[in-house]
Each structure stands twice: as structure tokens, then as C-alpha cells.
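Encoded as C-alpha cells, the structure appears first; notes follow it.
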Amino acid sequence: MGIIIDLIVGALSGWIAAKIMNVDSSNIFLNLVLGLVGGIVFGLIANLFGIGATNIFGQIIFSVIGACLLVWLYNKYAKK
């Protein structure tokens, strides 16, 4: 059940990040990947500073911040 929730949180976070960053949000797979990887990356960075997400809303916030960072990096380096 945890994997399904992680996929839903990742897809939602990727979609929110696409809306925040004003990019095309029609690529659901890309949104899912950016949301999941963004959540992992930002979660690791936040843990270095002693910050952690304890509930689903914290996970979504961490994933959105991480996905925004990845969307920015993707648009800067991969879409040339």
C-alpha cells in the first residue's frame, strides 16, 4: 500500500510542480518521475539539516519543492 501512496504523491507533486513552474503538465510519466525523484532528493537534503516530513502533507510539500528544482534543472540542461 505504501508504494501506491508514494506513486500518487509523486504524480500529484509533479503535476503541482509543473503548474508552479509554468511548464507543460500533460506528460504524466514525466510528472510522476520528477515528483518521486524530487521527493527523494529533497528529503535527503532536508534530512541533512534535521528536517523531516512526518505526514502525507509534509511529503507532498517536500516532493513539490524537489520536483520544482528538478523541473528547473530539466528545462535548463535537458531541453536544448
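Only a predicted model underlies this, so the values are computations on that prediction, with no experimental measurement involved. If you read the sequence from its start, that first residue is 1, and numbering goes on from there.
Scanning both residues, S13 and A67, for their nearest heavy atoms gives O-CB, 4.2 Å. Across every non-hydrogen atom of I20 and C68, the tightest pair is CG2-SG, 4.0 Å.
The side chain to side chain contact (heavy atoms under 4.5 Å, CB included) check on L44 picks up I40, with sequence neighbours excluded. The side chain to side chain contact (heavy atoms under 4.5 Å, CB included) check on I56 picks up I5, V9, Q59, I60, with sequence neighbours excluded.
The distance from atom CG of L36 to atom CD1 of I8, rounded to the nearest 0.5 Å, is 11.0 Å.
In N55, the CG atom is crowded: over 12 heavy atoms of neighbouring residues, nucleotides or ligands sit closer than 6.0 Å.
For residues 34-60, the set of pairs meeting the ring-ring contact (aromatic ring centres under 6.0 Å, His included) definition, not counting sequence neighbours, comprises F42-F62.
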